[in-house]
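I have placed the structure first, in the form of structure tokens, so that the comments after it can refer back to it.
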2 protein chains.
Amino acid sequence: MEFPEELVRGSIVPIVLSLLRERPMYGYEIVKLVNARSNGALEWKEGTLYPALHRLQAAGKIKSQWRDAPDAEGGRKRKYYTITPSGLADLGQKVDEWSNFTSAVQKVLRGA
Amino acid sequence: MEFPEELVRGSIVPIVLSLLRERPMYGYEIVKLVNARSNGALEWKEGTLYPALHRLQAAGKIKSQWRDAPDAEGGRKRKYYTITPSGLADLGQKVDEWSNFTSAVQKVLRGA
DNA sequence: TATTATGCCTCGCTATACAAGGTATCGCAA
DNA sequence: TTGCGATACCTTGTATAGCGAGGCATAATA
């Protein structure tokens, strides 16, 4: 589907925080999961996600921990991210913001 | 309401094209109209809109024409913009894109 | 005459998506 | 054991665009 960068911008942070609310995840997993859940509509790139994770961590919204992959899966060490209380608060705010924003745009687009 | 810049990004062009489909408008009018129609939720700035109009014109999506303000209103000359056929085609595509995008984001946010 | 609103514009700062490139580890097949 | 693909992480450079801040001109109004 390949959406233009201007659209993608605002969605990265809310989506990451929302996923991490479900359970801890590592970067590579997030990329694959987003692509899967959107049925390929959102094609996230590693070069986008990794810096975003670092920014969120620097801002105290998430924290990380290196862990081995479970024996059943194998593979190299993974950096698991979990959401912090501050990140949770942010998530709520950003989801509201997202819905307020899209509805404001709809209003103008529909000529209300 | 003051939405963050990352959210605003993707919405400028679709909104401008959509408004110009209704009728020709000038920049200052568009700023005020967007603010009004969104009930102040979208607070567009001139420093955002004017360059965007110039980019759209350079891309052939809109064209401009200087006209006097009608006697009833007064004021200085205005630069009216009208949408071109290419801009109309773009508009349709971008509105679809917008709705596809927001629905894809919703899917991930809701954990579908 | 001074102020306010209208109406246009540009410069500089900043943030960030993404392409491109790199490193390391593991499982598996030739 | 060597090679390869998948997994998993990272950084650098480029391009773009919102917006604060400033500026200019014109018209109505106080």
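Just so we're on the same page: letters track the sequence lines, and every chain starts at 1. For the numbers below, each heavy atom of this structure counts, side chains included, while hydrogens, waters and symmetry mates do not.
One can place NZ of A/Lys45 at 18 Å from C1' of D/dT12, the figure rounded to the nearest angstrom. A straight line from CG of B/Leu49 to P of D/dA21 spans 19 Å, rounded to a whole angstrom. In this entry the distance linking CD of A/Glu46 with P of D/dT7 reads 10 Å, nearest Å. D/dG18 atom C1' lies 14 Å from atom CD of B/Glu43, rounded to whole Å. Remark: C1' of C/dC18 and CG of A/Leu7 are 15 Å apart, rounded to the nearest angstrom. Rounded to whole Å, the distance from CZ on A/Arg76 to C1' on D/dA8 is 5 Å. The separation between B/Arg67 atom CZ and C/dG7 atom C1' is 15 Å, rounded to whole Å. B/Tyr80 places its OH atom 12 Å from the C1' atom of C/dT6, with the value rounded to the nearest Å.
For the residue pair B/Ser86 / B/Lys61, a side-chain donor-acceptor distance below 3.5 Å is found, with atom types taken as modelled.
Nearest approach of A/Ser11 to B/Val105, heavy atoms of both residues: CB-CG2, 3.9 Å.
Set against D/dC19, C/dG7, D/dT11, the side chain of B/Tyr26 has C/dG7 as its closest nucleotide. Closest to the side chain of A/Lys79, from the set C/dA17, D/dC10, D/dA17, is D/dC10. The side chain of A/Tyr28 lies closest to D/dC9, out of D/dC9, C/dC8, D/dC19. When the nucleotides D/dG20, D/dA17, C/dA17 are ranked by their closest atom to the side chain of A/Thr48, C/dA17 comes out on top. Comparing C/dT10, C/dT6, D/dC19 by their nearest atom to the side chain of B/Tyr50 picks out C/dT10.
Checking the phosphate oxygens (OP1, OP2) of C/dT16, a side-chain nitrogen or oxygen of A/Arg55 falls inside 4.0 Å. Contact annotation: A/Arg78 side-chain N/O to D/dA8 OP1/OP2 distance is under 4.0 Å. Between A/His54 and D/dT11 there is a side-chain N or O to OP1 or OP2 distance below 4.0 Å.
Under 4.0 Å is where a charged nitrogen must lie from a carboxylate oxygen, and between A/Glu29 and A/Arg37 no such pair does. A salt bridge between B/Lys45 and B/Glu5 is absent, with no side-chain N of the basic residue lying under 4.0 Å from a carboxylate O of the acidic one. A salt bridge links A/Arg78 with A/Glu73; the closest basic N to acidic carboxylate O contact falls under 4.0 Å.
Residue B/Trp66 is in sugar-phosphate contact alone, with no base atom involved, counting any heavy-atom pair closer than 4.0 Å across all strands shown. Within 4.0 Å of A/Gly47, counting heavy atoms only, lies at least one base atom of the nucleic acid.
Where B/Leu53 and A/Pro4 each meet DNA chain C at their nearest nucleotide, the meeting point lying more 5' is that of B/Leu53.
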